[in-house]
Amino acid sequence: MYSEEQKQYFSEQLLIWYGRHKRDLPWRQNKNPYYIWISEVMLQQTRVDTVIPYFHRFIEQFPTVKALAEAPEEQVLKAWEGLGYYSRARNLQSAVREVHERYGGQVPNEKAEISSLKGVGPYTSGAILSIAYNKPEPAVDGNVMRVLSRYFLIEEDIMKPSTRVRMEALAKDLIPEGTAGDFNQALMELGAMVCTPRSPHCLTCPVMVQCAAREEGMEEALPIKKKAKPPRPERRLVALIKGEGVNDGKWLIRQRPQEGLLARMWELPHIELGHSEWQTDEVNMDVLRETISLSEGIRLAPSGWLMDTDHTFSHIYWDMKVYQCSLDQASLSREKEGLLPFHYRWISQEELVQFAFPNVFVRIMKAWQEAQG
DNA sequence: AAACCGGGGTT
DNA sequence: AACCCAGGTTT
């Protein structure tokens, strides 16, 4: 394997460096397992600077396991609005409810128990066990794989599950007695601050002189990572529907399905366009009216183009055209009979803050409001 | 193993 | 414009 000297040097120097350079982050104020848990879930695929304000608001709104367990899901989703990967929020609350009911609100400190919770995978279980309870478990994230692949010159594809398993064994082996929490955080801190994906700051690195990749001039080439597939393009026509009469000043929004992309979030009504090219605005508005009529049973009256926008998810690219609409008279009279589809609602600007929207729709609504002056 | 699941910062 | 981020779940 690797020499004991190289491993021991790494762990010792890293801990010394961490003691001097660790950032003062909100979730490092104490070892409350619930707070550690919240922070680790928020930090999945999300940068520290993005998470900080969300973390503060979240623990203020849901200060305890009990508070989060008893909160309505819509409120939790709203608190997560803009962070992305919303299944994290839904799984987190589901898991917290289980901790509340099955473990009396105490976050488990056993690997098997904590790993069985929804949304808690190998990384998060290791992070909570080591940081909150100082248990000698590895917490291998993208930072850790980058650091280890460079220091030990590991040329395996880090996208492969087998590589992560190997990294976990190595990372666990590197933990000095009684320092799991600090050591795991030190490893991630080094990856975030020094051993960065591109242009690593090797000259300030505490373990540079023993870094195998540096020795070989390979630090920029590691880690090896198979290229991801580009997102597939989709064209969408969006209806910004303004109310009239009793609904004056309100917008018509709808809730997304229970499962799948952006599950249970609210959005502006829209359709996916099948063909490969955009049509004229006139044709687009006809298609929008007819398709919404067929699928939802409400009649739109599109009145004009508002804006173009786009949004990239991890695996889908949305190219969007937004049209101003109202409901035509037939729909208005039917709505008075209570025939608006159940997942649709009229809401005022003030009520907007109660509903969780994907960021792409937040942007559209803000742009419209600013255009109004 | 591959696909699904957001959104934004860095270079 | 490409790359990546304190990943997990489902197929």
Side-chain angles (χ1 to χ4, degrees), chain A residues 22-23 25-28 36-55 77 80-92 94-95 114-128 130-132 138-147 157-165 167-168 171 181 183-193 195-201 220 222-232 256-257 259-265 267 310-318 356-363:
Chain A
K22 67 176 170 187
R23 289 170 289 177
L25 299 173
W27 43 90
R28 288 180 178 163
I36 303 293
W37 184 8
I38 301 295
S39 71
E40 291 302 339
V41 174
M42 286 187 170
L43 286 162
Q44 292 168 7
Q45 299 292 284
T46 310
R47 288 185 157 67
V48 165
D49 290 341
T50 304
V51 166
I52 289 174
Y54 281 92
F55 178 78
L77 212 50
W80 211 270
E81 183 186 73
L83 260 187
Y85 285 122
Y86 299 97
S87 65
R88 290 186 294 174
R90 297 188 293 265
N91 288 337
L92 173 61
S94 171
I114 198 163
S115 298
S116 73
L117 297 170
K118 278 189 182 174
V120 179
Y123 165 75
T124 307
S125 65
I128 297 171
S130 62
I131 298 171
V140 173
D141 68 345
N143 285 312
V144 173
M145 291 209 275
R146 185 172 58 255
V147 170
D157 180 1
I158 63 167
M159 294 299 280
K160 290 168 61 177
S162 60
T163 306
R164 199 206 69 228
V165 171
M167 296 275 188
E168 283 170 349
F183 179 76
N184 285 345
Q185 292 185 83
L187 210 38
M188 294 187 274
E189 192 88 347
L190 188 75
M193 305 305 291
C195 197
T196 48
R198 279 170 291 187
S199 309
H201 307 96
E220 294 264 25
L222 294 171
I224 306 292
K225 188 174 183 179
K226 194 180 65 183
K227 273 207 177 90
K229 278 178 55 177
R232 66 172 184 274
R256 294 182 59 83
E259 307 290 333
L261 181 70
L262 304 167
R264 280 170 272 180
M265 297 190 78
E267 65 181 4
D310 56 57
H311 187 69
T312 305
F313 300 93
S314 42
H315 57 304
I316 310 173
Y317 171 76
W318 278 2
F357 290 87
N359 235 26
V360 57
F361 297 107
V362 172
R363 287 203 326 264

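Given the structure is predicted, the values throughout are model-derived calculations rather than measurements. Computation of the quantities below employed the complete heavy-atom set of this structure, encompassing side-chain atoms and omitting hydrogens, waters and symmetry-equivalent molecules.
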message = Go nucleotide by nucleotide along DNA chain B from the 5' end; which of A:Arg88 and A:Pro161 gets its closest nucleotide reached first?
response = A:Pro161

ask   = Closer than 4.0 Å, any side-chain N/O of A:Tyr86 to the OP1 or OP2 of B:dG7?
value = yes

task = Answer with base, sugar-phosphate or nothing: what part of the nucleic acid does A:Ser87 contact at a heavy-atom distance below 4.0 Å?
result = nothing

query = Does a side-chain N or O from A:Lys227 land closer than 4.0 Å to OP1 or OP2 of C:dC3, or not?
reply = yes

query = Which part of the nucleic acid, if any, lies within reach of A:Arg28 when heavy atoms closer than 4.0 Å are counted: base, sugar-phosphate only, or nothing?
reply = base

message = So A:Arg90, base contact, sugar-phosphate only, or nothing? Heavy-atom distance under 4.0 Å.
response = nothing

request  = Would you indicate what A:Trp27 reaches in the nucleic acid, counting non-hydrogen atoms under 4.0 angstrom: base, sugar-phosphate, or nothing?
outcome  = base

query = Base, sugar-phosphate, or nothing: which does A:Gly191 touch, judged by heavy atoms less than 4.0 Å apart?
reply = nothing

task = Please check the phosphate of B:dG7 (OP1 and OP2 only) for any side-chain N or O of A:Thr312 closer than 4.0 Å.
result = no

ask   = So what does A:Leu262 touch, heavy atoms closer than 4.0 Å: a base, only the sugar-phosphate, or nothing?
value = sugar-phosphate

message = Can you confirm whether the side chains of A:Gln185 and A:Arg28 place a donor and an acceptor under 3.5 Å from each other?
response = yes

ask   = Looking across every strand, which nucleic acid part, if any, lies under 4.0 Å from A:Val41 by heavy atom: base, sugar-phosphate, or nothing?
value = nothing

inquiry  = Please classify the nucleic acid contact of A:Leu25 as base, sugar-phosphate, or nothing, using heavy-atom distances under 4.0 Å.
reply    = base

query = Using a cut-off of 4.0 Å on non-hydrogen atoms, how would the nucleic acid contact of A:Thr124 be classed: base, sugar-phosphate, or nothing?
reply = sugar-phosphate

request  = Output yes when at least one side-chain N/O atom of A:Lys118 is less than 4.0 Å from OP1 or OP2 of C:dG8, else no.
outcome  = no

inquiry  = With a 4.0 Å cut-off on N to O distance, would you call A:Glu189 and A:Lys22 a salt bridge?
reply    = no

task = Give one of base, sugar-phosphate or nothing for A:Thr50, where a contact means two heavy atoms less than 4.0 Å apart.
result = nothing

message = With a 4.0 Å limit, can you tell me whether A:Arg146 has a side-chain N or O closer than that to the phosphate oxygens OP1/OP2 of C:dC5?
response = yes

message = Let me spell it out: for each of A:Lys229 and A:Pro358, pick the nucleotide of DNA chain B with the closest heavy atom. Which residue's pick is nearer the 5' end?
response = A:Lys229

